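This one's a predicted model, so the numbers in the text were calculated from it and none came from an experiment. When a ligand or atom number is given, it counts from 1 through the structure's own listing order.
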Amino acid sequence: MNAQPKTQNPSPNTHSFSADVSRLLDIVAHALYTNHDVFLRELISNAADACDRLRYDAIEKPELTADNPNFRIHVYKDIETRSLTVVDNGIGMGKAELIDHLGTIAKSGTAALMEKMKGESDPLKLIGQFGVGFYAAYMVADFVTVISRKAGSKSIWVWESDGASGFNVRKATKDEESKLDGDRGTAIVLNIKDDGAEFLIDEKIKQTIETYSDHIDFKIFLSTPEETEKGEGQPINKAGAIWTHSKNDVTKEQYDEFYKHITHGFDEPLMTSHWRAEGKIEFSALMFIPTLRPWDLYDPSRKNAVRLYVRRVFISDNIEGLTYPWLRFVRGVIDSEDLPLNISRESLQYNPIIARIRTAVTKHILSDLDKLSREDSIGFNTFWGQFGPAIKEGLYDAAEHREAIFKICRFYSTHDNGEKYTSLDDYVERMGPKENGDQKEIYYISGENIQALKNSPQIEGFRAKGIEVLFLTDTIDDFWLQTADEYKGKKFKSVTKGDIDLGDKKDEGKTEETSNKHKDLLENLKSLLKDDVSDVRVSKRLTDSPVCLVAPDDGIDMHMERVLKIHQKYAGSSKPVLEINSAHPLIQKLESLDAQSDSFKDVGYLLFDQAKIIQGQPVKDPGAFARRMAEFIGKGL
Ligand code: ADP
Ligand code: MG
């Protein structure tokens, strides 16, 4: 048995690495993980993927596994050549695949890492957050030889590289061919560097596999395939699909490792749900919610990444419709007992069983999240901060789950001065009977950020009367509100739109009276601002500020209108209503001015512009605004 020491690399490199790979390799070699062990996890994970893929292909073409229908992985050291070899009898790679898959970065996680590193002064600290896949081998090796034979093919190709200058692809030697396990698969030979020497010790290899790869569904041997054939090797892992075990037999560490295996992630799952559905449809599910938000959560092309198995055979991690787009951050495995095995991946998405699994899985996850919110509010709030905006897409996307989604939705509100999350149930409970009549609606104000919303004049009256207002700051809020407009029979109502009933029975009729009293002022302002406002009226919602803008009764909420325009979902444009606070000294002063005077006009325009600025909108004529402002400041001084 002779591995290829690096000095025996006679052939010049035939290929260069893509720029990304070179950069990555440079970092891998010079960094890095406090924890070198993970390279073995990456290689075993690739070996297992290769077995999974061939197991699927062999359903239609059993001849592909004629040499040995069982899949297995071997990991063994050779002290003499200081090498560690990982062998699988999975699908293998042809020449083109060796070049494509091991010469460029395809894997999304690694691509994400490269993207992030561009603007990073200290890229080393980033690397621990991402898996680097195959290239992790160079953490412990200074030369790597990949010998591979694609299942069903006769030729055996070799990819070799020192991980620095490029790589070489050539035909295998007889000695290299003998490293493969049967007529297919891949053998990866690592020439171990000095500081990786611990991986030439069986006990270390064994421990590492037990830590990281115990859950792998294929037997892993610490011997050569030949030795195993002679009956000398014993598998060192349990080799059972972890999701088929009963919950009581799986430890948290095993769940966490499995999570890392399927996500290539370095975080830990925030929530793990493992269950078996029995009855009309049967499946096992092991689902995880990550702690860290994936970098591409809002990338529209992001695919769901739940792995579908059918009776233990891996089918695909990209079945459309298996989970909802708004649960696209959920990772895990679904193993169906009902789906046919001999069906193409493409037609699976139309299978009604997929839709039924989706419904059942969604219900389960939402109910587990609800449970989490009660049992671990800190954990739940972390979750909500990361994934709340995505979940809220479900409010319009999946009406059948709306109630359950609302149940876990959290919002900031005036109740805790925008500092703590509240649930809608808590809000509704606090609505209670009010001194001046019952509150019938759930009030909200939407805008860009909490701070601005907290200072909005439109909520002054609500605050004064102790009526709670939700602060909605996610763009998505303005979308779901259009469809999901009530919770438990209570309508959502924007406090910046239309006339508002603050429940003051004794005030009834009073407004009309007040309006009559200020009729002239209202008329004068209306004619001054006729191009910009649809109406001017006396406000019921202002207590401290002189004016504010609101959307007309039949109009669309102002912030919603802006968001929809940005997203090109709305083309109209509506004039707001200007509300005035008749008790405010400034308004009273204004009332005493001659409506034809310049002072009246200047103050009128200034108040209107101010209202727009508070609303986060640009003023129509900034030059004129500044001039009027300067004039008044001058007078004040
Ligand atoms: P990932 O596993 O996330 O795709 P890797 O860097 O680990 O990224 O591997 C890159 C690609 O190389 C794999 O997607 C696969 O196509 C190929 N590959 C790596 N190891 C093997 C193997 N043992 N057998 C077959 N293909 C492999
Ligand atoms: Mg991999």
Side-chain angles (χ1 to χ4, degrees), residues 15 17-18 20-25 27-28 38-58 64-65 71-75 84-114 127 130-139 141 144-153 156-161 163 167 169 172 179-190 212-213 216 218 220 225 257-266 294 296 303 305 307 314 316-318 331:
H15 297 80
F17 286 119
S18 73
D20 275 357
V21 176
S22 299
R23 174 106 202 276
L24 182 63
L25 281 166
I27 289 166
V28 168
V38 295
F39 87 91
L40 198 51
R41 164 170 83 198
E42 297 290 342
L43 295 186
I44 290 180
S45 152
N46 285 349
D49 286 349
C51 293
D52 265 337
R53 277 155 62 202
L54 182 57
R55 183 153 66 176
Y56 178 81
D57 287 357
L64 290 179
T65 54
F71 293 94
R72 55 191 194 181
I73 297 168
H74 288 84
V75 183
L84 182 72
T85 305
V86 179
V87 188
D88 67 70
N89 61 352
I91 195 157
M93 286 174 276
K95 184 183 182 189
E97 286 159 321
L98 284 168
I99 296 170
D100 285 354
H101 297 161
L102 304 183
T104 54
I105 293 183
K107 188 177 122 188
S108 63
T110 315
L113 168 71
M114 302 310 293
I127 210 151
F130 295 86
V132 290
F134 168 78
Y135 304 105
Y138 289 95
M139 294 194 298
V144 177
T145 311
V146 180
I147 305 146
S148 201
R149 176 169 174 184
K150 177 115 186 160
S153 148
I156 304 179
W157 288 92
V158 170
W159 177 105
E160 59 186 0
S161 170
F167 61 94
V169 176
K179 292 186 186 302
L180 293 179
D181 181 8
D183 296 341
R184 63 183 201 246
T186 304
I188 300 185
V189 185
L190 314 183
Y212 296 111
S213 307
I216 293 284
F218 306 98
I220 305 175
E257 265 321 309
F258 182 70
Y259 167 79
K260 288 178 190 174
H261 166 64
I262 57 172
T263 61
H264 303 282
F266 282 73
D296 59 348
K303 299 267 173 14
R307 297 163 70 96
F314 175 66
S316 166
D317 59 2
N318 190 12
R331 301 305 190 90

In terms of atom number and element, which parts of ligand 1 are under 4.0 angstrom from non-hydrogen atoms of F134? 5 (P), 6 (O), 7 (O)

Once the angle between the rings of F134 and Y138 is folded into 0 to 90°, is it parallel (under 30°), tilted (30 to 60°) or perpendicular (over 60°)? perpendicular

Do any N or O atoms from the side chain of S161 and from the backbone of F167 form a donor-acceptor pair under 3.5 angstrom? no

Is the NZ or CZ atom of R53 positioned over F71's six-membered ring, under 6.0 angstrom from the centre and within 45° of the axis? no

What I want to know is whether D49 and ligand 1 share at least one N or O pair that is separated by under 3.5 angstrom. no

Is V146 touching ligand 1 with its side chain, its backbone, both, or neither, if touching means heavy atoms under 4.0 Å apart? neither

Counting both backbone and side chain atoms, is some N or O of Y135 under 3.5 Å from an N or O of ligand 1? no

Would you say S45 has an N, O or S atom lying under 2.8 Å from the Mg ion (ligand 2)? no

Relative to F314, does R307 satisfy both conditions: NZ or CZ under 6.0 angstrom from the six-membered ring centre, and within 45 degrees of the ring's axis? yes

Any donor-acceptor N/O pair, E42 side chain to F39 backbone, under 3.5 Å: no

May I ask you to list the atoms of ligand 1 that are less than 4.0 angstrom from any heavy atom of A50? 24 (N), 25 (C)

Shortest heavy-atom approach to atom 18 (N) of ligand 1 - which of E42, M93, E97: M93

Kindly compute the distance separating OG1 (T85) from CG (L190), expressed to the nearest 0.5 Å. 7.0 Å

With atoms numbered from 1 as shown, which atoms in ligand 1 lie under 4.0 angstrom from a non-hydrogen atom of L102? 12 (O)

